[in-house]
Student: 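Mind having a look at this structure? Questions to follow.
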Amino acid sequence: MQIDQIIPSMRHGDDISNAVLVLQKIIKDLGCESDIFTQTGQQETGTKDLSSLDGERDNIIYHMFIGSRAAKTLAGIKAKRKVLFYHGIMPPEYFENHPSQIYMLGGREELKKLKNQFEFAFTTTKYLEGELYKEGYGETCVLPLPVDLEEYDQEPDLQLMKAYDDDYTNILFVGQITPNKKLEDTISVFNYYHKRLNPKSRLFLVGSFSSHAGYCQKLLALIKELEIKNVFLTGRTSFKKLLAYYRLSRVFLCMSEYEGFSTPLIEAMYLKVPIVAFNRASVPEILGESGCLINDKDVRETARLLDRIVNDHTKRKEMIRLQSKRVTAFLPEKVFPLYRKVFMLAFS
Amino acid sequence: MKFCLVSQTPPSDLKIKDVNRITQWAAVMEGDHYNGMSFEHGHNSFSYDFFSEYDLVMVAVRHETIEVGLKIKRQSSARVVVFLDGEIEYFTSYIMGDKQVKFIELLNTADAVGVTHEYDIPIIKAMTTRPVGMVGVPFPLKRVREELCPQVEKKQVIQLGSMLRNGFINLAALSEIGLPGSIDMYSRKDEEYIRLMRKYMPIPQIYFNFTPRWEDYITQLNYSFMGLHLDFRQIWGRFALDCAAVKIPCIAPDNFYTQKRLFPRLCVKNYQDIDGAVKLAGELLKKTSFYEEVMAYAESQLYFFDNKAAKKRLLDLFNKI
């Protein structure tokens with residue numbers, strides 16, 4: 001049996017791209033053939049050009065997270081079974097006056113239009129399943145995004161570890177630097193924390209800013225205007241450096257207003273970094289009973305909460321215990337068999 | 001009634017304005033406006049007897065216009081209402097002793113005294129036997145609502161007003177709230193001073209506006225989410241009134257008469273009550289019902305401040321003469 005995957009674009013290190021590779025491995029472990037197709041010009045090693053996908057196919061999984069020409073191509077492809085893997089589409093309103101807004105609006109349209117193409121739809125959280133229901137999808141299934149957490153047991157980048165091996169408190173955010181992440185709020189909280197509560201502190205904002213350079217410029221201007229020292233926009237880093245940032249940090253702070261699924265939250269739980277996160281979209285579902293959810297963006301209260309988590313040893317320990325318990329639900333030994341089981345049922 | 005306002009501000013062309021300033025008295029009373037010092041310094045070719053052609057002269061008193069008020073009363077036949085154009089502390093503490101004597105003399109020579117805060121009434125009554133009344137300043141609500149400030153989407157920005165008085169305290173409160181602020185610059189140096197303070201204080205993002213014209217100021221204010229101004233003066237409080245007119249709440253102490261009347265639930269203990277201000281801002285941000293309730297109340301009180309109601313208050317005081 002052949003189960004192919006179509007993804008609008010593949011990027012090395014990107015969460016969804018990583019998941020597509022993990023799924024390919026799971027499918028192959030089931031004894032099936034599996035190719036990954038992407039749009040022309042969007043390929044990475046191991047993927048094929050979508051235009052080469054011809055003839056009738058067995059099964060196709062289409063990964064949707066943005067509007068794409070691939071969706072139009074999909075409509076013309078003959079296959080026994082087409083299945084949607086919905087990763088959430090960032091709300092277009094966060095991308096006013098940015099070219100990517102059109103792809104997000106397009107994605108929302110495609111989600112509606114392609115409904116009848118798919119036999120059923122996978123998604124990664126109940127929150128996203130709600131978005132599917134709203135568009136009229138009936139047959140759905142929620143499975144956590146497969147993350148190969150064993151990779152995270154590697155040695156971190158030692159040079160980076162050494163560079164920041166001091167008595168400073170590091171606050172961390174990991175994720176694409178895009179407007180829905182509301183990093184201006186993260187910076188505002190750190191501004192208060194750094195100047196009022198703990199001058200010996202740093203904020204690491206780790207993630208690619210290439211998709212929205214204008215937003216990054218805005219953040220840099222804000223950092224300059226606020227005269228805050230010790231805010232680091234690292235850009236995209238190597239995996240080992242990413243591990244080092246987690247190991248160096250005392251709290252993971254997420255003020256994001258839209259997360260379809262958040263691999264960094266899973267990473268932070270796995271790597272024992274207490275999480276403070278804004279209670280919105282999929283975040284509460286991912287954290288379960290763990291982490292510290294904030295219901296409003298009160299800068300002073302959030303900064304004080306960071307301070308408590310940094311200094312209160314018992315609270316830290318308890319948070320880490322609950323997070324470590326929660327993350328077991330996302331471990332490969334739990335998640336991968338679920339996929340195997342569901343794929344066997346779905347595609348047999 | 002033929003009316004005239006004498007103040008320390010430059011003479012204005014009453015045909016083109018309808019603004020939230022003391023000159024609005026001349027507009028509302030369909031009268032004239034003169035600069036008092038120009039009489040005192042002999043820049044006008046008229047003597048003080050000139051004012052006899054008016055039925056009522058309102059002298060907006062500052063230290064520069066105390067003598068002017070006395071001369072108008074003594075050298076003309078006009079009825080004179082003294083209007084306290086400033087905080088009570090200005091008269092009781094900041095002007096020199098000889099001016100204070102003249103000020104008391106003016107309060108007792110004029111026909112009546114108009115004040116801007118009910119708290120001033122017992123103080124002034126202790127200094128004069130003349131009728132004292134709360135008159136305030138007329139507010140051009142119709143122009144604000146119909147011409148200057150259409151309904152717009154409010155941004156999460158807190159308007160702090162001018163840095164001129166108690167600016168540090170307002171900045172400190174804003175820092176504790178953590179939302180962006182907007183400042184009406186008094187001087188171009190404000191921006192640089194704030195930049196220097198930022199090294200030590202977590203002052204959020206600030207939008208700087210330079211709007212000497214009130215029309216431009218209120219147009220900007222219309223985009224804010226709330227106002228916050230911890231001012232130490234016992235005054236009328238144009239700031240709170242501007243906020244209510246553009247339908248945003250205002251946090252301030254009750255030494256603004258307008259604040260006390262429009263936003264009683266948003267009054268802080270005093271002009272240094274940063275914690276109180278932060279708490280109220282938090283409630284406004286978190287509780288939509290609270291925001292709506294305070295705005296509904298303010299809206300119900302706005303009638304008191306419009307041109308018509310202000311004119312009636314002045315005429316009531318005049319009738320006591």
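Since this is a predicted model, take the numbers as computed values, not measurements. Throughout, protein chains are lettered first and strands after them, A, B, ... in sequence-line order, and every chain is numbered starting at 1.
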Student: May I ask you to decide if B:D85's main-chain N or O and B:R62's side chain share a donor-acceptor pair within less than 3.5 Å?
Tutor: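 Confirmed, B:R62 side chain pairs with B:D85 backbone.
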
Student: Is A:D298 in contact with chain B via its backbone, its side chain, both, or neither, using a 4.5 Å heavy-atom distance?
Tutor: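 Side chain of A:D298 only, per the 4.5 Å heavy-atom cut-off to chain B.
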
Student: Looking only at non-hydrogen atoms, find the nearest pair between B:S224 and B:I248 and report the distance.
Tutor: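 Here B:S224 and B:I248 meet closest at O-CG2, 3.2 Å.
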
Student: Output the option from A:D296, A:D185, A:V189 having the highest count of non-hydrogen pairs under 4.5 Å with chain B.
Tutor: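 When all of A:D296, A:D185, A:V189 are compared, A:D296 has the most.
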
Student: Heavy-atom distances under 4.5 Å only: say whether A:L222 touches chain B with side chain, backbone, both or neither.
Tutor: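 Looking at A:L222, just its side chain touches chain B.
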
Student: Most heavy-atom pairs under 4.5 angstrom with chain B, which of A:R300, A:R196, A:K297?
Tutor: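 Of the options given, most contacts go to A:R300.
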
Student: Quick one: ring pair (Phe, Tyr, Trp, His ring centres under 6.0 Å) pairs with a partner in residues 209-228 of chain B, sequence neighbours left out?
Tutor: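 Every ring pair (Phe, Tyr, Trp, His ring centres under 6.0 Å) pair that includes a residue of residues 209-228 of chain B, provided the two are not neighbours, is B:F225-B:Y291.
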
Student: Compute both the distance and the angle, then confirm whether B:R165 meets the cation-pi test with B:F232: under 6.0 Å from the six-membered ring centre, within 45 degrees of the axis.
Tutor: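 No; the conditions do not both hold, so B:R165 does not lie above the ring face of B:F232.
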
Student: Please classify the contact of B:L285 with chain A as side chain, backbone, both or neither, using a heavy-atom distance under 4.5 Å.
Tutor: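 No part of it gets close to chain A.
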
Student: So which pairs with a foot in residues 178-197 of chain B pass salt bridge (charged side-chain N to carboxylate O under 4.0 Å, His left out), sequence neighbours left out?
Tutor: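 Qualifying pairs: A:E227-B:R195, B:E192-B:R195.
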
